[in-house]
Amino acid sequence: MPSYDLIVKNGKIITATDTMEADIGVEKGKIVAIEKDLASESGTTIIDAKGMYVFPGGIDVHVHLQLPFSGTISADDFENGTKAAACGGVTTVIDFAIQQKGNTIMDAVKARRAEADPNVCIDYGLHAAITDWNETTQAEIKQVIDYGIPTFKMFMIYKNEGWMADDGMLFQALEETMKHGGHIGVHAESVDVLDMLIERYAKEKETWGAYGHTLSRPCYTEEEAIMRAIKWAEATGGKLYIVHMSTGEGADAVHAAKERGVNVHAETCPQYLLLDDEVFKGENGHLYATCPQVKKPHDNERLWKGLLEGDVEIVATDTCTFTTEQKAAWNGDFRKIPFGMPGVETMVPLMYTEGVSNRGMPLNQFVALVSSNPAKLFGMYPQKGALEVGSDADILVFNPERKVTIHAEDLQTNCDWSPFEGWKLQGYPHVTISRGKVVAKEGKFVGTVGHGNFIQRKPHGNL
Ligand code: URP
Ligand code: ZN
Ligand code: ZN
């Protein structure tokens with residue numbers, strides 16, 4: 001009789017393509033059997049999933065843990081950020097190693113791994129952010145891809161942080177990554193018009209308060225930058241990924257580009273689907289400042305349509321947590337708000353509630369958006385994002401009946417506020433399993449610090 005370390009029993013297994021009732025047997029961190037009525041031995045851990053859904057663990061391909069940014073450091077470090085992820089049903093995150101100008105990409109990768117490796121509680125990967133195109137950068141791209149980092153990020157803004165990549169760099173990076181099966185993710189906003197508008201509205205900052213953040217970043221600044229990046233992808237044949245897309249216009253541009261065969265994919269985040277810029281008018285409006293900022297209700301609707309119809313294929317969070325104390329640094333000047341929000345802990349239950357429960361999104365599509373598509377596009381499938389014999393036993397047992405109201409104080413994140421405070425959730429993670437180990441139960445972390453591994457991802461990831 002085969003022996004198992006752990007069996008998930010009696011649940012309804014939902015993957016991106018299949019729905020079935022069966023048990024999952026796990027041994028040494030891998031799924032080794034998917035069958036009805038698996039027999040257990042005395043040492044086997046049994047997770048009873050009766051009445052529950054069994055999903056592949058959530059994957060958030062866009063987090064910034066302990067990121068030095070906006071004059072401070074994001075408040076969820078690798079330890080607590082990955083604990084928060086586990087509590088929210090996420091079993092893999094991808095963070096960023098940001099090159100420093102004049103240095104190599106691999107310097108940044110090594111430094112980031114030294115921060116992350118001993119502390120992560122679930123598996124993680126890194127994207128490499130290219131901020132400089134010096135004599136070694138082009139030659140390094142293949143080396144970085146071979147190392148297990150096939151996805152790069154370029155910021156079309158953030159001159160002051162020293163992170164901005166100009167169009168020439170973007171063009172060359174698209175050419176070079178394409179040769180080796182990599183892709184370029186872009187933070188797409190039009191820097192020159194944006195910076196001009198920011199200074200224009202800053203002259204009246206007392207009048208506008210936090211709403212100045214949104215006035216200075218009209219939708220066309222994202223649309224124009226997305227269209228420009230798409231043009232460079234089209235010209236080079238490179239593969240482009242639009243990160244944290246916030247506008248309906250962006251979704252239209254991606255749709256049109258896909259129609260004409262451009263190799264482009266897009267991600268959006270729960271905040272762009274669920275919040276609109278009225279939040280900036282509230283007493284604590286500055287807390288919601290992130291780049292790009294949340295937009296209008298019609299953008300929410302266009303992005304939902306994009307998700308349902310395939311223009312937008314991935315949901316991630318852009319988690320970049322700043323506490324109320326850190327956000328207070330703005331002191332009435334919208335230019336000084338640390339930009340970013342918490343998100344990884346609430347992504348899966350929010351998308352289930354708002355997508356599946358409230359909008360009738362098919363369960364298989366929900367799994368595709370928060371798990372399988374990210375695994376495929378980012379070179380981890382079927383090790384991650386799948387429930388197959390041979391896959392890592394990254395499993396989310398999800399209780400569709402559990403009702404939870406979001407309160408920051410109940411969450412694992414170090415953040416003392418939530419953009420979704422008071423939101424009512426239908427369904428919540430019951431048990432999160434990372435490579436065969438139970439790491440969270442009922443939203444509380446029960447795993448081990450350092451359990452997470454760095455994932456060496458493969459090139460040529462595709463949907
Ligand atoms: O405001 C944000 N999104 N902060 C994190 C950095 C980025 O642009 O992704
Ligand atoms: Zn960004
Ligand atoms: Zn980001």
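Count residues from 1 along the sequence. Start at 1 and go down the list; that is how both ligands and their atoms are numbered. What you see below is based on every heavy atom in this structure, not just the backbone, and it leaves out hydrogens, waters and symmetry mates.
Here the two rings, on His64 and Phe96, have centers that are under 6.0 Å apart. Under the 6.0 Å cut-off for aromatic ring centres, Phe280 and Trp208 do not qualify, their centroids lying 6.0 Å or more apart.
In this pair, His187 and His244 present their aromatic rings perpendicular. The plane angle is above 60°, beyond the 30 to 60° band.
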Mind listing the side-chain donor-acceptor pairs of residues 336-353 below 3.5 Å, one per line with the distance, residues two or more places apart or on another chain?
| residue | atom | partner | partner atom | Å |
| --- | --- | --- | --- | --- |
| Glu345 | OE1 | Gln412 | N | 3.2 |
| Glu345 | OE1 | Thr413 | N | 2.9 |
| Glu345 | OE2 | Gln412 | N | 2.7 |
| Thr346 | OG1 | Gly343 | O | 3.3 |
| Thr353 | OG1 | Pro349 | O | 2.7 |
| Thr353 | OG1 | Gln426 | N | 3.0 |
| Thr353 | OG1 | Gln426 | O | 3.3 |

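Phe155 pairs by the ring-ring contact (aromatic ring centres under 6.0 Å, His included) definition with Tyr158, Trp163, not counting sequence neighbours.
His62 contributes NE2 and His64 contributes NE2; the angle these two atoms make at the Zn ion (ligand 3) is 100°, rounded to 10°.
For ligand 1, residues of the protein lying within 4.0 angstrom by heavy-atom distance are His62, His64, Phe69, Lys153, Tyr158, His187, His244, Thr290, Cys291, Asp318, Cys320, Phe339, Gly340.
For a distance bound of 2.8 Å, the N, O or S atoms of Cys320 include none lying that close to the Zn ion (ligand 3).
Under 2.8 Å from the Zn ion (ligand 2), one finds the following protein N/O/S atoms: His187 ND1, His244 NE2.
With a 6.0 Å cutoff to the six-membered ring centre and a 45° limit on the axis angle, Lys376 counts as a cation-pi contact of Tyr381.
When side chains are defined from C-beta on, Leu65 does not count as touching Asp77, because their heavy atoms never get closer than 4.5 Å.
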Phe378 and His183: CA distance, side-chain angles, deciding distance, ring-ring contact (aromatic ring centres under 6.0 Å, His included) verdict:
CA-CA 9 Å; Phe378 289 84; His183 81 226; 5.1 Å; yes

Please report the C-alpha distance between Asp117 and Tyr124 in whole Å, then the side-chain angles of each, then the deciding distance to 0.1 Å, and finally whether the side-chain hydrogen bond (donor to acceptor under 3.5 Å, both in side chains) criterion is met.
CA-CA 9 Å; Asp117 281 7; Tyr124 84 105; 2.4 Å; yes

I would like to know whether Phe398 and Phe55 meet ring-ring contact (aromatic ring centres under 6.0 Å, His included); could you show each step before the answer?
CA-CA 7 Å; Phe398 188 87; Phe55 301 134; 5.5 Å; yes

